[in-house]
Structures are given as structure tokens and as C-alpha cells.
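The structure appears below as C-alpha cells.
Because the structure is a prediction, the values reported are computed rather than measured. No hydrogens, no waters, no symmetry mates; every other heavy atom, side chains included, goes into these values.
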Amino acid sequence: GERGAERMVRTVFANGNVKYYKGEQGAERLVRMELADDGGVEHYEGESGAERLSRAEFANGEEVQYYEGEKGAERMVRAEFADGNVLYFEGEEG
């Protein structure tokens with residue numbers, strides 16, 4: 001961005017994880033994290049400071065997990081597998 005209006009768009013960690021952000025300066029929100037250890041990708045929704053995990057994609061393409069709930073209390077509600085099987089979950093996180 002322009003001088004004085006720079007915003008954070010990406011953070012690269014020493015362990016290889018990469019976080020991606022969107023939003024204006026001071027209101028950047030986490031939207032995606034690429035995990036170096038297993039190659040998976042986590043997707044986040046919500047305003048800055050209240051981002052919650054909404055979806056996790058396995059690197060091998062075999063599974064996608066979907067989550068609901070507020071930040072810190074996310075719970076898996078569905079898991080879709082490459083073979084077409086779908087598992088549904090109910091109840092609180094934990």
C-alpha cells in the first residue's frame with residue numbers, strides 16, 4: 001500500500017507455515033493458513049480478532065472438514081471424503 005497505509009498480507013513462519021490476510025490496515029483478518037508439516041490448508045472466516053476455522057483441506061485431497069462455532073469453540077460438523085462418503089456430526093466441541 002501507500003506509505004503509511006501499508007497492510008499485512010502474509011506471515012511466513014520459521015516452521016514453514018504461511019498465514020494469509022485480507023483487509024485494510026489495522027483491520028487485517030486471517031483468511032487462510034498453509035501448514036508446512038502436512039501440506040494441508042485451513043480456511044478462516046470472521047472479522048479481525050474473531051477469525052474462526054471454517055474449513056480444513058487435507059493435502060492428499062482425501063478429506064475436507066467443515067466447522068461451525070465461534071473462535072476457540074469451533075466444532076466439526078461435516079467431513080467429506082474423495083470417495084464420496086460424507087460424515088455428519090452434532091454436539092458441542094470437545
Report task. Check whether any side-chain heavy atom of Phe81 sits under 4.5 Å from a side-chain heavy atom of Leu87, and report yes or no. Result ->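 Heavy-atom side-chain distance check passes, below 4.5 Å.
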Query raised in the report: Should Glu45 and His43 count as side-chain neighbours, where that means a heavy-atom distance under 4.5 Å?
Result: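 When only atoms from C-beta onward are counted, His43 and Glu45 do not touch, as no gap falls below 4.5 Å.
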Report task. Decide whether Tyr20 and Val12 are clustered together by the hydrophobic rule: side chain heavy atoms of Ile, Leu, Val, Met, Phe, Trp, Tyr closer than 4.5 Å, transitively. Result -> yes
Query - Within one Ile-Leu-Val-Met-Phe-Trp-Tyr cluster: Val31 and Val64, side-chain cutoff 4.5 Å - result: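 The answer is no; the residues belong to distinct hydrophobic clusters.
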Which heavy atom of [X] sits nearest to which heavy atom of [Y], and what is that distance?
X	Y	value
Glu74	Gly72	OE1-N, 3.0 Å
Met8	Tyr21	O-CB, 3.6 Å
Glu63	Asn60	N-OD1, 4.3 Å
Leu53	Tyr67	O-CB, 3.3 Å
Glu51	Tyr44	CB-CB, 4.2 Å
Ala36	Gly16	CB-C, 3.4 Å

Query raised in the report: When rounded to the nearest 0.5 angstrom, what is the spacing between CD in Gln65 and CZ in Arg75?
Result: 14.5 Å
**Report entry** Qualifying salt bridge (charged side-chain N to carboxylate O under 4.0 Å, His left out) pairs with a residue from residues 20-31, counting only residues at least two apart or across chains
**Finding:** none
Query raised in the report: Is the backbone N or O of Glu6 less than 3.5 Å from a side-chain atom of Gln25, with the two atoms forming a donor-acceptor pair by type?
Result: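 Yes.
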Query - Summary of side chain to side chain donor-acceptor pair (under 3.5 Å) pairs that have at least one residue in residues 8-19, sequence neighbours excluded - result: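 Those involving residues 8-19 do not exist here.
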